[in-house]
Amino acid sequence: MKPIRTRFAPSPTGYMHIGGMRTALFNWLFAKHHGGVFVLRIDDTDRARNMDQALRPILQSFRWLGLDWDEGPGVEGDFGPYFQSQRDELYSHACEELLKQGKAFRDFTLPEQSKAERESAEKEKRNYLNNRNDQHLSEEDIQSRISNGDKYVIRFLVPRDTDEKIVIDDAVRGRVEFDPTQMPDPVIMRGDGTPLYNFACVIDDAKMQISHVIRAEEHLSNTPIQAMLYDALGYERPVFAHIPYVAAPGGKEKLSKRKLDKYRKSPQFKKLFDAADFVFPLINLENTGELDPVMVEYYEKIGYLPAGLLNALSRLGWSLDDQTEIMSLDTIAKNFSLERVIKSAAGFDPDKLLSFQAHWMGELSAEQKQAGCIPYLKQAGLINDEQEQSNQLEQIIAAIGERFVLFSDILKFNEFFVADEELEFDPKAFKKRIVKPEQAKSLLDALAEHLQNSQAESTEDFDQVVHDFVEKQEIQIGQIIHALRVAVTGKGAGVGMFDAMAILGTESCIKRIRIAIAHNLE
RNA sequence: GGCCCCAUCGUCUAGCCUGGCCUAGGACACCGGAUUUUCAGUCCGAUAACGGGGGUUCAAAUCCCCCUGGGGUCACCA
């Protein structure tokens with residue numbers, strides 16, 4: 001049996017697409033499951049200048065998620081180079097071979113003309129086929145036109161004189177057939193000698209001995225061309241597996257960065273955008289506005305766990321059985337198979353992602369949670385280096401408990417980090433719990449007095465003290481606790497009331513109550 | 001429009017290949033109840049799907065055909 005080798009071939013676009021990441025994950029999973037090799041190859045035939053800058057975020061996403069590559073940038077192997085821009089010779093050599101064998105031809109048709117032909121075919125509702133006028137040009141004609149400066153491209157000659165169908169035996173979709181007589185001859189090389197995707201891809205996959213080409217469904221229509229190229233070049237075809245693409249939440253349309261404006265309005269997506277709008281400005285990210293939920297970086301920067309994202313991504317189009325939802329990367333790799341990949345597109349569900357995330361966050365130790373949220377606190381200017389190790393932070397995180405889902409969630413609890421006089425009151429909550437109830441302010445005043453005479457320190461102490469107060473005043477706890485919460489934390493909801501008081505301490509509580517009493521709503 | 005793919009709860013999916021155990025299972029979301037000072041959580045519970053039509057068969061979510069619907073792709077992009 002041939003060694004299992006899979007690959008993911010991103011082009012350096014400056015960000016990592018979440019759907020692309022899912023494709024990469026499946027490739028990685030398949031390789032790991034079979035003890036094979038996962039190759040990262042860079043499709044940079046476009047020759048972008050800022051290659052380095054455009055590639056870095058992509059590699060960073062792989063590193064963050066722990067999807068290591070066995071060959072690729074920075075990891076030399078036997079099949080390099082792993083940048084297409086460094087593999088020109090391979091392509092031109094293969095191309096010459098095809099030319100020599102009459103399996104390709106130089107086409108001097110002007111691009112404008114090809115375009116016109118295609119458009120008129122479409123207008124007449126006809127399948128478009130390129131003209132083959134230049135197929136039988138003599139060597140002299142070709143040479144003279146070239147020296148004349150005429151531009152040309154090289155087209156692969158699709159074998160149309162056959163009634164054989166091109167059959168793809170796809171590992172997830174089964175048998176798929178295409179009719180070669182309906183297919184235009186694809187351009188494989190530009191006049192300047194640079195290869196086109198379908199060509200470079202075949203050469204690279206073949207030379208790198210990729211055994212399984214696992215990619216998203218949108219490549220299915222490229223597959224017959226590639227299959228013919230494999231055949232023409234005398235390469236053995238790999239196993240193709242076309243996995244469903246990742247769809248936008250609440251629909252079947254492919255998730256696309258071009259539709260961001262639409263997503264912003266989508267109810268399913270709203271939470272993710274709202275979170276970004278809240279968190280990123282606070283932590284002063286330079287590229288705040290450029291991070292969106294289509295990019296993997298978004299999830300990293302906003303404080304998701306690799307385990308959470310990976311778990312969610314793995315369940316898009318794949319399942320282990322009829323029960324298991326929570327899986328570590330190890331478990332997934334151990335159980336992954338192409339047979340359990342489904343055929344229909346899978347909508348990305350932010351809610352489900354969040355529930356996976358919540359689970360994996362819950363698995364973290366107190367120290368790990370603390371370490372994860374410290375960068376957010378620091379960048380938001382809420383703590384300095386000395387406060388970093390304080391056991392108060394530990395106490396706060398413990399009090400937040402299950403409310404702590406993303407690392408950036410710590411920023412929602414800024415009441416524990418700001419000075420008393422800088423505490424901001426949520427206007428709605430303030431109005432509802434302090435302005436509106438008639439007795440609120442006088443009760444708060446009395447409570448501050450009561451607190452003054454107590455030596456409460458622990459959560460239990462505060463519980464006791466507040467209940468004593470309630471008894472003395474002959475009121476229900478509900479009559480004071482809401483106002484107290486707003487006064488002390490500025491918010492209508494949060495951690496347990498007495499936890500909050502214990503964290504802040506008597507002095508702060510009293511101070512905040514007094515400030516609240518004096519506070520006027522604008 | 002040509003070519004190709006897809007079709008089970010709102011969503012992600014199990015079941016389909018190898019018909020009967022499916023009165024269609026799980027998860028997320030939603031709704032209700034309990035607990036709690038609030039929110040979250042937790043625990044209980046509820047609602048919720050085989051797109052339609054024909055076949056084949058004793059029996060169809062499962063096999064076949066048609067329709068409908070959705071989507072992908074049609075570059076000298078990747």
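To find a chain, count down the sequence lines: A is the first, B the second, and so on, and within it residues start at 1.
- Residue A:Met497 has its side chain nearest to B:U37 when only B:C6, B:C3, B:U37 are considered.
- Side-chain to base pairing of A:Arg315 with B:U13: no donor and acceptor N or O lie closer than 3.5 Å to each other.
- The C1' atoms of B:G71 and B:G54 are separated by 26 Å, rounded to the nearest whole Å.
- Counting any heavy atom pair closer than 4.0 Å across all strands shown, A:Arg118 reaches sugar-phosphate atoms only and no base atom.
- If you measure from atom CZ of A:Phe83 to atom C1' of B:A78, you get 16 Å, rounded to the nearest angstrom.
- A cation-pi contact links A:Arg22 to A:Phe26, judged by a cut-off of 6.0 Å to the six-membered ring centre and 45° from its axis.
- Across all their heavy atoms, A:Asn130 and A:Arg155 have their closest contact at ND2-CD, 3.5 Å.
- Residue contacts shown for A:Leu196 are limited to sugar-phosphate atoms, with no base heavy atom under 4.0 Å away.
- Across all strands shown, A:Gly347 has heavy atoms under 4.0 Å from sugar-phosphate atoms exclusively, and none from any base.
- In the set B:C28, B:G72, B:C5, the nucleotide with an atom closest to the side chain of A:Lys254 is B:G72.
- For B:C5, the base has no donor-acceptor partner in the side chain of A:Arg173 [N/O atoms by modelled type, under 3.5 angstrom].
- When distances run from any side-chain atom of A:Lys252 to the nucleotides B:C28, B:G26, B:C12, the shortest one goes to B:C12.
- Aromatic ring orientation, A:Tyr299 versus A:Phe348: perpendicular (interplanar angle above 60°, classes split at 30° and 60°).
- A:Leu110 comes within 4.0 angstrom of a base, heavy atoms only.
- What separates CG of A:Leu406 from P of B:A40 is a distance of 16 Å, to the nearest Å.
- Judged by a 6.0 Å distance limit and a 45° cone about the ring axis, A:Lys257 is positioned over the six-membered ring of A:Tyr15.
- Of all nucleotides listed (B:G1, B:U37, B:C4), B:G1 comes nearest to the side chain of A:Lys125.
- Side chains of A:Glu117 and A:Asn131: a donor-acceptor N/O pair is present below 3.5 angstrom, by distance only.
- Nucleic acid contact for A:Glu124: none, since no nucleic acid atom lies under 4.0 Å from a heavy atom of the residue.
- Remark: the A:Lys352 side chain and the B:A29 base include no donor-acceptor N/O pair separated by less than 3.5 Å.
- Residue contacts shown for A:Leu354 are absent, as no nucleic acid heavy atom lies under 4.0 Å away.
- Under the Watson-Crick or G-U wobble criterion, with both distances below 3.5 Å, B:C22 has no partner in any strand shown.
- Distance, A:Phe413 CZ to B:A40 P: 12 Å, rounded to whole Å.
- Of the listed nucleotides (B:C76, B:U37, B:C3), B:C76 has the atom at the smallest distance from the side chain of A:Pro111.
- In terms of polar N and O atoms assigned as donor or acceptor, the side chain of A:Glu325 comes within less than 3.5 Å of the base of B:G26 in a complementary pairing.
- The aromatic ring of A:His242 is not stacked on the base of B:G72, since the criterion of ring centres less than 5.5 Å apart with planes inclined by under 30° is not met.
- For B:C17, there is no paired nucleotide, since no Watson-Crick or G-U wobble pair has both relevant distances below 3.5 Å.
- As rounded to the nearest Å, B:C67 and B:A75 have P atoms that lie 27 Å from one another.
- Rounded to a whole angstrom, the distance from the P atom of B:A24 to that of B:C39 is 36 Å.
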Margin query: Let's go through A:Tyr376 and A:Phe407 carefully: what are the C-alpha distance in whole Å and the side-chain angles of both, what is the deciding distance for ring pair (Phe, Tyr, Trp, His ring centres under 6.0 Å) to 0.1 Å, and is it a yes or a no?
Written below: CA-CA 8 Å; A:Tyr376 289 92; A:Phe407 284 128; 7.0 Å; no
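- Residue-environment remark: CD (A:Gln182) exceeds the threshold of 12 foreign heavy atoms within 6.0 Å.
- A:Thr109 comes within 4.0 angstrom of a base, heavy atoms only.
- With a cut-off of 3.5 Å on both Watson-Crick or G-U wobble distances, the partner of B:A7 is given as B:U68.
- Using a 4.0 Å heavy-atom distance criterion, A:Leu316 is classed as a sugar-phosphate-only contact.
- Between the CD1 atom of A:Ile243 and the P atom of B:C4 there is a distance of 22 Å, given to the nearest Å.
- Summarising the geometry, the separation between CG on A:Asp322 and P on B:A24 is reported as 15 Å, rounded to the nearest angstrom.
- Distance, A:Gln476 CD to B:U36 P: 14 Å, rounded to whole Å.
- When heavy atoms are screened at a 4.0 angstrom cut-off, A:Phe498 is found touching base atoms of the nucleic acid.
- By the 6.0 Å contact criterion, CD on A:Glu218 is enclosed, its count of non-hydrogen atoms from other residues, nucleotides or ligands being greater than 12.
- Going from the P atom of B:U62 to that of B:C30 covers 33 Å, rounded to whole Å.
- The residue among A:Gly478 and A:Gly251 whose nearest nucleotide of RNA chain B lies closer to the 5′ end is A:Gly251.
- Nearest nucleotide to the side chain of A:Tyr245, out of B:C5, B:U37, B:G72: B:G72.
- Residue A:Arg340 is classed as a sugar-phosphate contact, given heavy-atom separations below 4.0 Å to backbone atoms only.
- Look at B:U37: it lacks any Watson-Crick or wobble partner with both distances under 3.5 angstrom.
- Note on A:Val176: only backbone sugar-phosphate atoms sit closer than 4.0 angstrom, heavy atoms only; bases stay farther off.
- Pair check for B:G1 finds B:C74; Watson-Crick or G-U wobble, both atom distances under 3.5 Å.
- If you check B:C30 for Watson-Crick or wobble pairing at under 3.5 angstrom, you find it has no partner at all.
- Checking B:C39, B:U37, B:C5 against every side-chain atom of A:Glu217, the shortest atom distance belongs to B:C5.
- The CD-C1' distance, from A:Glu415 to B:C39, rounds to 12 Å in whole Å.
- For B:C3, the OP1/OP2 oxygens have no side-chain nitrogen or oxygen of A:Ser221 closer than 4.0 Å.
- With A:Tyr230 as the aromatic partner, A:Arg237 does not meet the cation-pi criteria of under 6.0 angstrom to the ring centre and within 45 degrees of the ring axis.
- Using atom P as the reference point in both B:C66 and B:C77, the two lie 38 Å apart (nearest Å).
- Within 4.0 Å (heavy atoms only), A:Asn222 reaches at least one base atom of the nucleic acid.
- Taking atom P on both nucleotides, B:A48 is separated from B:C5 by 36 Å, rounded to a whole Å.
- For B:C58 and B:C12, the P atoms lie 38 Å apart once the distance is rounded to whole Å.
- Summarising the geometry, the separation between CZ on A:Arg433 and C1' on B:C39 is reported as 11 Å, rounded to the nearest angstrom.
- Here A:Gly401 lies out of heavy-atom contact (under 4.0 Å) with every strand.
- With a 3.5 Å ceiling on both atom-pair distances, B:U56 lacks any Watson-Crick or G-U wobble partner.
- Nearest nucleotide to the side chain of A:Asp351, out of B:A78, B:C28, B:U38: B:C28.
- Of the listed nucleotides (B:G71, B:C76, B:C77), B:G71 has the atom at the smallest distance from the side chain of A:Glu253.
- Remark: of the listed residues A:Val202, A:Ile168, A:Val213, A:Val202 is the sole one forming a side-chain contact (heavy atoms from CB on, under 4.5 Å) with A:Gln226.
- Comparing the P positions of B:G51 and B:U11 gives an interatomic distance of 12 Å, to the nearest angstrom.
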